[in-house]
Engineer: 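I have a structure here, written as structure tokens, and I will follow up with some questions on it.
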Amino acid sequence: MSAVDQLFQELKKQGQKAFMPFITAGDPNLAFTSTLLKTLLRHGSHICEVGIPYSDPIADGPVIQASYTRALAHGITLSDIFEMLRQTTPELAAPVVTMVSHAIIYRAGLKQYVKTAKQSGVAGLIVPDLPVEESKPLQQICQAENLSLIQLITPNTPRDRALRIAASSTGFIYYVSVVGITGERKQVPQSIKDNVGWLREQTDLPICIGFGISNPEHIRTLAPMADGLIVGSAIVRRIAALDEQSEAEVLQDVEDYVKTLMVAISGC
Amino acid sequence: MARPKLRASCHVPDHAGRYGEFGGRYVPETLIAALDQLADQYEQARHDPDFQDRLSDLLKHYVGRPSPLYHASRLTKLCGGAQIYLKREDLNHTGAHKINNTLGQALLTLRMGKTRVIAETGAGQHGVATATACARFGLPCVVYMGEEDIRRQAPNVFSMKLLGAEVRSVTSGSRTLRDAINEAMRDWMASVENTHYILGSVVGPHPFPRIVRDFQSVIGQETLAQCNDQIGRLPEVVVACVGGGSNAAGMFYPFIEHDAVELVGVEAGGRSSAAGEHASPLTYGSPGVLHGSYSYVMQDQDGQTCDVHSISAGLDYPGVGPEHSYWKATGRVNYESCIDDDALEAFETLAKNEGILAAVESSHAISTAMRIAGERPADQVVVVCLSGRGDKDSAEVARLRGDDDS
């Protein structure tokens, strides 16, 4: 059982939904990321998704893409990121999973990446460009190291395929709320309730919803049908304000923002 | 120890889109349904005589195929060796081989009932060819193009607009072809239900590399037949330039199982062999994942895509189609690279001796073919794929030569 599995078991007992922020490693530097992780998890986030910057992220919208560009412009490397995580995760009361392109995992070597992630206190991987057909080798390695390999299902995934993805996913299922890229949106689509409701009957895995979630209204709409919600671009956008604001101001802004979402989610 | 090489097969890719170990599909789940639909519809279209007749008719009456196989006798004399023949894809409608693919994919768009087309472009040739096919079929068209390429290839930008396409400038990353592909993919992520992405090269996730190769194979098929007609046998050597690799794939594929024919792919050698100074992943790179496919790529040790350089916008790409990686691994095709200066010299030599302005992309292949021809006896034949015309490059070549009056 991975730390992700344990978390969702615990939350289930408490009748609590998971709040899962996404942040970009090294945006704008790793010391800030470490501070931000501690801040987010101290204020009640249940699990944190850390994006590994990638030069060609086709699933990401402009906000996250720009954060990757900022991080890479400062010459950040994978080993720097893992070193920061190795030093930070022991102080965190909640698990960290990495969102990472297969291009990076492949170059590092599948075994090597998973081993180093494990040693750095990472509990799971989300690989947005690794479809289920190609995921088996990585799945086996993650299983051996007791890391979760969280897979994604989208609104246009055919149902027979969704079953295969659910069967090969571990930790939780990442349900993508929209057909599109990451980024804030005004409304959440209606079809989502039917799709997630159906999926719920097919699997025992927790289902977390992400993409486009940015305000308490979204949270109140989606939380009742999910086990957790993922908020990315809305947080990363606030970090981009470091151009004009001090670290303390940005941390306070993120903290205040996350609090409003936490209030919404704990009422569901 | 080197592994014994397998013989390259024509019967690739397999159902998973693999060419040996290369290819596959590394894309977000959102795109999988569309790729499955495309693979399925393409398979049906391939066996549908109506579809094939419609495409053949367009290639003949709209594109002007077959394109000539031309004996470049003055260039041959100048090189002093083997006979040089040029496969004149530059004489196609829109001035390059790209139209072969865009018409095929436009027909697939209609077949799938999709109502909007997007494309990426580097040199602008694929953008123009896509805009042309879309105008021909009344499909709205958006072309993504890097800001740097918009500058280098201004004439093609005007053409696309005149043809009714919207050209969207891409300002992320290196502002070239690779970033244009990223932006097109992002558009497609959100628009996949009504939009077809007409990818312009033999790159990207399965089934694109296969579809583009098949539509471009008309180049090699005609060349085979023309060689038999005009010289009574197959050539000794066939040369083509390789960026993503579509003209080369289309030229080489019909020759793959004719073992006696040497195939030479020419990458962009840029300014030098130093990292960032060239665009030659098959020569200097290693296998990795980029734009949905496993193939040779220029990446750093973390898997981040490296910036690359080529004088030609169409070859300025850090990756290459997976089938080329397969041909390299099997040893069926030899890949080498040609530096900017040599390509420019070939551009001028061809212009002055044959009265043909070749695209700077194609000039890389011309340069290598001239060298090979010079090393061979006069009774041998070297065929070069002259993949596009060079009008689009005149201003940029003049600027580089310092002849720019503006």
Side-chain angles (χ1 to χ4, degrees), chain A residues 52-62 65-66 68-69 71-73 75-82 100-109 113 127-135 151-158 161-162 165 173-176 178-183 185 211-212, chain B residues 15-18 23-37 170-174 178-195 197 204-206 285-295 297-307 318-319:
Chain A
I52 308 294
Y54 175 48
S55 53
D56 298 82
I58 56 176
D60 282 305
Q65 188 203 1
Y68 284 179
T69 306
L72 291 172
I76 189 177
T77 67
L78 190 58
S79 62
D80 296 337
I81 295 170
F82 279 135
V100 55
S101 168
H102 189 62
I104 292 172
I105 300 183
Y106 180 83
R107 182 61 67 196
Y113 184 94
V127 190
D129 53 0
L130 188 68
V132 63
E133 291 80 5
E134 307 280 1
S135 69
Q151 302 201 30
L152 296 90
I153 293 177
T154 62
N156 62 1
T157 304
R161 183 177 168 83
I165 297 172
I173 290 168
Y174 191 135
Y175 187 83
V176 175
V178 292
V179 173
I181 52 181
T182 57
R185 285 169 178 80
F211 280 43
Chain B
H15 67 281
R18 292 281 173 183
R25 230 184 228 180
Y26 298 93
V27 291
E29 175 65 21
T30 300
L31 296 181
I32 296 289
L35 294 170
D36 279 342
Q37 180 197 23
V170 177
T171 56
S172 56
S174 59
R178 156 193 157 207
D179 308 283
I181 294 178
N182 289 339
E183 279 311 314
M185 287 266 188
R186 287 189 190 109
D187 180 314
W188 206 32
M189 287 278 289
S191 63
V192 64
E193 277 154 11
N194 71 355
T195 298
Y197 176 16
H206 177 66
S286 58
V289 174
L290 175 68
H291 290 148
S293 179
Y294 174 64
S295 190
V297 60
M298 296 306 304
Q299 282 179 341
D300 71 11
Q301 58 173 13
D302 277 356
Q304 309 292 351
T305 312
C306 299
D307 285 339

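A quick note: this is a predicted structure, and the numbers were derived from the prediction, not measured.
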Engineer: Considering only heavy atoms, which portion of B:Ser174 lies under 4.5 Å from any heavy atom of chain A: side chain, backbone, both, or neither?
Structural biologist: neither
Engineer: If you count heavy-atom pairs under 4.5 Å with chain A, which of B:Ile181, B:Val289, B:Asp302 comes out on top?
Structural biologist: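 Heavy-atom pair counts peak at B:Asp302.
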Engineer: So, the side chain of B:Thr305 versus the backbone of A:Ser55: is there a donor-acceptor pair under 3.5 Å, distance only?
Structural biologist: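 No: the side chain of B:Thr305 does not pair with the backbone of A:Ser55.
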Engineer: Once rounded to the nearest 0.5 Å, what's the spacing between atom CD of B:Glu183 and atom CD of A:Gln65?
Structural biologist: 6.0 Å
Engineer: For A:Ile52, is it the side chain, the backbone, both, or neither that has a heavy atom closer than 4.5 Å to a heavy atom of chain B?
Structural biologist: neither
Engineer: For A:Tyr174, give me all partners under side-chain hydrogen bond (donor to acceptor under 3.5 Å, both in side chains), at least two apart in sequence or on another chain.
Structural biologist: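 For A:Tyr174 there are no side-chain hydrogen bond (donor to acceptor under 3.5 Å, both in side chains) partners, ignoring immediate neighbours.
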Engineer: Heavy-atom distance under 4.5 Å to chain B: side chain of A:Thr77, backbone, both or neither?
Structural biologist: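 Answer is both: backbone and side chain atoms of A:Thr77 are under 4.5 Å from chain B.
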Engineer: Hey, does the side chain of A:Arg107 reach the backbone of B:Pro287 with a donor-acceptor pair shorter than 3.5 angstrom?
Structural biologist: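 A pair under 3.5 Å: yes.
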Engineer: If you measure from CD1 on B:Ile32 to CG on A:Leu152, what distance do you get to the nearest 0.5 Å?
Structural biologist: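 Between atom CD1 of B:Ile32 and atom CG of A:Leu152 there are 11.0 Å.
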Engineer: To the nearest 0.5 Å, what is the distance between CZ on B:Arg186 and OG1 on A:Thr182?
Structural biologist: 8.5 Å
Engineer: Check step by step if side chain to side chain donor-acceptor pair (under 3.5 Å) holds for A:Thr154 and B:Glu29.
Structural biologist: CA-CA 7 Å; A:Thr154 62; B:Glu29 175 65 21; 4.6 Å; no
Engineer: I'd like to check A:Ile58 versus B:Pro28 (side-chain heavy atoms, cut-off strictly below 4.5 Å). Are they in contact?
Structural biologist: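 Yes, at least one pair of side-chain atoms sits under 4.5 Å.
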Engineer: For the interface with chain B, which of A:Asn156, A:Val132, A:Ile165 has the highest count of heavy-atom pairs at distances below 4.5 Å?
Structural biologist: A:Asn156
Engineer: Hey, are the side chains of B:Glu193 and A:Val179 touching, using non-hydrogen atoms and a 4.5 Å cut-off?
Structural biologist: yes
Engineer: Start with the C-alpha distance between A:Asp56 and B:Gln299, add both sets of side-chain angles, then the distance that settles side chain to side chain contact (heavy atoms under 4.5 Å, CB included), and finish with yes or no.
Structural biologist: CA-CA 11 Å; A:Asp56 298 82; B:Gln299 282 179 341; over 6 Å; no
Engineer: So what's closer than 4.5 Å to chain A heavy atoms on B:Asp187: side chain, backbone, both or neither?
Structural biologist: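 Contact with chain A involves no heavy atom of B:Asp187 at all.
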Engineer: Quick one: of A:Ala66, A:Pro62, A:Pro57, who has the most non-hydrogen atom pairs under 4.5 Å with chain B?
Structural biologist: A:Pro57
Engineer: Would you check if the distance from the ring center of A:Tyr106 to the ring center of B:Tyr26 is below 6.0 Å?
Structural biologist: no
Engineer: Under 4.5 Å from any heavy atom of chain B, what part of A:Gln151 do you find: side chain, backbone, both or neither?
Structural biologist: neither
Engineer: Identify which part of B:Gln301 has an atom lying under 4.5 Å from any heavy atom of chain A, answering side chain, backbone, both or neither.
Structural biologist: backbone
